[in-house]
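The structure appears below as structure tokens.
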Amino acid sequence: LDLSKRSTGWALWRPGLDRPMFGHWTLGSEYSSDGQVYAKLHREMAALHRVEPFDRLYFEEPLNPGHLTGATTLQTIWMLSGLAAHAQSFGYAKKCRTVKAVNVERWRKDFIGDMVVRELKVGVRRKRKLGDTKASARTDLKRLTKERCRQNGLSPRSDDEADAIGILT
């Protein structure tokens with residue numbers, strides 16, 4: 001799972017499937033309460049589990065509050081932490097053998113390549129030193145994740161689906 005209120009990406013694979021299944025869910029809007037968002041995550045995960053039972057659950061680790069930058073707010077950190085806690089609770093309730101948070105830095109390096117990620121980040125640091133305070137590798141990392149999915153014969157419709165596929169690996 002690539003957890004997000006706006007668009008949670010999911011990917012699922014089991015032996016016997018030629019390729020992973022994947023998609024995304026909208027869990028809420030700016031008008032949705034936190035509780036509504038968590039309940040929607042539960043309903044979507046339960047529906048997926050009924051169609052394709054799973055016994056391992058991996059999700060992207062929430063952002064570290066010490067890394068607040070740009071438009072990321074404490075409310076966003078709160079929401080992501082709540083979604084992660086709910087995913088853990090769901091995995092426990094469904095008796096999953098594995099329920100684990102996956103670090104974004106780790107899965108991206110494994111999925112799109114350590115050197116590619118490093119080069120992008122070096123470029124961003126260089127731009128920031130030159131005064132571009134809004135420089136970010138996010139857009140390029142998302143693009144490269146989708147590109148890697150396409151190289152593997154998959155066509156995610158969104159960054160969130162691509163990220164879920166990356167986490168799945």
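Residues satisfying the salt bridge (Lys or Arg N to Asp or Glu O under 4.0 Å) criterion with Arg106, sequence neighbours excluded, are Asp110. In terms of the salt bridge (Lys or Arg N to Asp or Glu O under 4.0 Å) criterion, Glu119 has no residue partners (sequence neighbours excluded). Lys142 is linked by a salt bridge (Lys or Arg N to Asp or Glu O under 4.0 Å) to Asp163, counting only residues two or more places apart in sequence or in another chain. For Lys127, there are no salt bridge (Lys or Arg N to Asp or Glu O under 4.0 Å) partners at least two apart in sequence or on another chain. For Ser29, the side chain to side chain contact (heavy atoms under 4.5 Å, CB included) test picks out Tyr31, Ser32, with sequence neighbours left out. Residues passing the side-chain hydrogen bond (donor to acceptor under 3.5 Å, both in side chains) test with Asp2: none are found, sequence neighbours excluded.
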Check the pair Arg128 / Thr133 against side-chain contact (heavy atoms from CB on, under 4.5 Å), numbers first and verdict last.
-> CA-CA 5 Å; Arg128 285 186 180 163; Thr133 57; over 6 Å; no
Determine, stepwise, if the pair Phe54 / His49 fulfils side-chain contact (heavy atoms from CB on, under 4.5 Å).
-> CA-CA 6 Å; Phe54 51 87; His49 195 269; 3.6 Å; yes
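In terms of heavy atoms, Ser136 sits closest to Arg138 at OG-N, 3.1 Å. In plain terms, the two heavy atoms of Ala87 and Val99 that are nearest each other are O-CG1, 4.4 Å. Counting all heavy atoms, side chain and backbone alike, Leu168 lies closest to Pro20 at CD2-CB, 3.6 Å. Here the shortest heavy-atom pairing between Ser4 and Leu27 reads O-CD1, 3.5 Å. Nearest heavy atom pair, residue Ala162 against residue Thr145, reads O-CG2, 3.5 Å. When all heavy atoms of Val124 and Ala137 are compared, the closest pair comes out as CG2-N, 3.4 Å.
No donor-acceptor distance shorter than 3.5 angstrom exists from the side chain of Trp78 to the backbone of Gly82, with no hydrogens or angles considered.
Evaluation of the salt bridge (Lys or Arg N to Asp or Glu O under 4.0 Å) test over residues 11-25, restricted to residues two or more places apart or in two chains, returns Arg14-Glu52. Identified under the salt bridge (Lys or Arg N to Asp or Glu O under 4.0 Å) test for residues 33-50, with sequence neighbours left out: Lys40-Glu44. For residues 79-93, the pairs satisfying side-chain hydrogen bond (donor to acceptor under 3.5 Å, both in side chains) are His42-His86, with sequence neighbours left out. Within the structure, side-chain hydrogen bond (donor to acceptor under 3.5 Å, both in side chains) pairs that include any residue of residues 146-157 comprise Arg148-Gln151, Arg157-Glu161 (at least two apart or interchain).
Side-chain heavy-atom separations under 4.5 angstrom define the hydrophobic clusters, and the remaining members of the one that includes Ile165 are Phe22, Tyr58, Val102, Val104, Trp107, Phe111, Ile112, Val116, Val117, Leu120, Leu141, Leu144, Leu154, Ile167. Cluster note: Val51 groups with no other residue, as no ILVMFWY side-chain heavy atom lies under 4.5 Å from it.
The distance from atom CG of Leu17 to atom CG of Leu12, rounded to the nearest 0.5 Å, is 7.0 Å. Atom-to-atom distance recorded for Met79:CE and Arg6:CZ is 13.5 Å, nearest 0.5 angstrom. We find the CG-NE2 distance between Asp159 and His24 to be 10.5 Å, quoted to the nearest 0.5 Å. One distance of note links CZ of Phe90 with CG of Leu83; it measures 13.5 Å at 0.5 Å rounding. Atom-to-atom distance recorded for Gln75:CD and Leu80:CG is 10.0 Å, nearest 0.5 angstrom.
Using cut-offs of 30° and 60° on the angle between ring planes, the pair Trp25 and Trp10 is parallel.
The residues Lys121 and Glu105 are annotated as salt-bridged, a charged nitrogen and a carboxylate oxygen being separated by less than 4.0 angstrom.
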